[in-house]
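Start at 1 with the first residue, then count along the sequence. Just so we're clear, the structure is a prediction, and the values are computed from it rather than from any experiment.
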Amino acid sequence: QVQLVESGGGLVQPGGSLRLSCAASGLTVSSYTIGWFRQAPGAEREFVSSTRRTSFGYTGYYADSVRGRFTISRDNAKNTVYLRMTNLKPEDTAVYYCAAQATLGSMLIASTYDSWGQGTQVTVSS
């Protein structure tokens, strides 16, 4: 049974940092595209970042709104993917979800992902 468990969310002041973790079981993250999405109240779930194996190794992809502030990484030995978030802004407030995509598809579209975690709340507020 595939399970993705997010952790690391919390309350942080603007300009602060957090590191989210996505621990996987029932699948090997090295063989999957792993994505991070977020959903704010009343909003659609939106793409944040993803990591995929390419001919150059594992490549990270980012939404324009987080590029330069967020960094995605993975530890295949721990079967875990991380999202390091810096210079956080109030508009980053949302529930953050990780997801796994078994077959190659658009990394930006949530419906192309096969498995999802339960989410972790990130609140950026002074």
Side-chain angles (χ1 to χ4, degrees):
Q1 182 179 356
V2 174
Q3 190 173 20
L4 301 173
V5 179
E6 303 95 334
S7 61
L11 173 64
V12 64
Q13 292 186 341
S17 300
L18 285 173
R19 189 181 77 160
L20 305 184
S21 299
C22 173
S25 58
L27 63 83
T28 303
V29 297
S30 60
S31 300
Y32 284 72
T33 294
I34 304 295
W36 285 96
F37 288 75
R38 66 187 181 187
Q39 188 166 20
E44 297 286 323
R45 190 167 296 190
E46 66 172 356
F47 171 80
V48 175
S49 179
S50 64
T51 174
R52 169 177 283 178
R53 187 170 187 171
T54 69
S55 56
F56 303 102
Y58 292 100
T59 302
Y61 302 86
Y62 302 93
D64 289 343
S65 59
V66 307
R67 187 175 292 112
R69 299 188 297 121
F70 290 12
T71 303
I72 193 169
S73 62
R74 58 169 75 207
D75 186 333
N76 290 336
K78 295 183 178 179
N79 217 29
T80 299
V81 174
Y82 304 98
L83 185 68
R84 174 70 173 168
M85 307 185 296
T86 64
N87 191 23
L88 283 160
K89 304 175 181 181
E91 52 263 41
D92 295 317
T93 295
V95 178
Y96 283 70
Y97 300 89
C98 68
Q101 184 185 79
T103 56
L104 287 179
S106 171
M107 290 181 288
L108 308 183
I109 301 174
S111 61
T112 65
Y113 289 76
D114 307 286
S115 303
W116 289 83
Q118 82 291 345
T120 185
Q121 176 70 47
V122 171
T123 303
V124 184
S125 176
S126 55

Output all residues satisfying side chain to side chain contact (heavy atoms under 4.5 Å, CB included) with [X], sequence neighbours left out; order by chain, then residue number.
X	answer
Thr71	Tyr62, Arg84
Glu46	Arg38
Thr80	Ser21, Ala23, Lys78, Tyr82
Val12	Leu18, Leu88, Val124

Nearest-0.5 Å distance that lies between atom [atom1] in [X] and atom [atom2] in [Y]:
X	Y	atom1	atom2	answer
Leu4	Ser115	CG	OG	6.0 Å
Arg53	Ile34	CZ	CD1	13.5 Å
Tyr96	Ser7	OH	OG	15.0 Å
Arg74	Ser30	CZ	OG	7.0 Å
Cys98	Leu83	SG	CG	10.0 Å

Should [X] and [Y] be regarded as members of a common hydrophobic cluster, given that ILVMFWY residues are connected when their side-chain heavy atoms come within less than 4.5 Å of each other, either directly or indirectly?
X	Y	value
Tyr61	Leu108	yes
Val2	Val81	yes
Val95	Trp116	yes

Quiz item: In this structure, which one of Trp36, Tyr97, Phe37, Tyr32 forms a ring-ring contact (aromatic ring centres under 6.0 Å, His included) with Tyr113?
Solution: Phe37
Quiz item: Which ILVMFWY residues are connected to Phe56, directly or by a chain of links, through side-chain heavy atoms under 4.5 Å apart?
Solution: none
N/O donor-acceptor pair under 3.5 Å between [X] side chain and [Y] backbone:
X	Y	result
Thr120	Glu6	no
Thr123	Thr93	no
Asn79	Leu27	yes
Gln13	Ser126	no
Asn87	Gly15	no

Quiz item: Would Thr54 and Thr59 count as having a side-chain donor-acceptor pair, cut-off 3.5 Å?
Solution: yes
Self-check item: Closest contact, heavy atoms only, Gln118 versus Val5
Solution: OE1-CA, 3.8 Å
Quiz item: Looking at Ala40 and Ala94, what are the two nearest heavy atoms and their distance?
Solution: N-CB, 3.8 Å
Quiz prompt | CD/Glu91: more than 12 non-hydrogen atoms of other groups inside 6.0 Å | solution = yes
Check whether any side-chain heavy atom of [X] lies under 4.5 Å from a side-chain heavy atom of [Y], and answer yes or no.
X	Y	value
Asp92	Arg69	yes
Val122	Leu20	yes
Met85	Arg19	no
Ile109	Phe47	no
Pro90	Ser125	no

Quiz item: In a check of side-chain contact (heavy atoms from CB on, under 4.5 Å) between Val66 and each of Thr86, Ile72, Val48, which one passes?
Solution: Val48
Quiz item: Can you list the residues that meet the side chain to side chain donor-acceptor pair (under 3.5 Å) rule with Tyr58, with sequence neighbours excluded?
Solution: Asn76
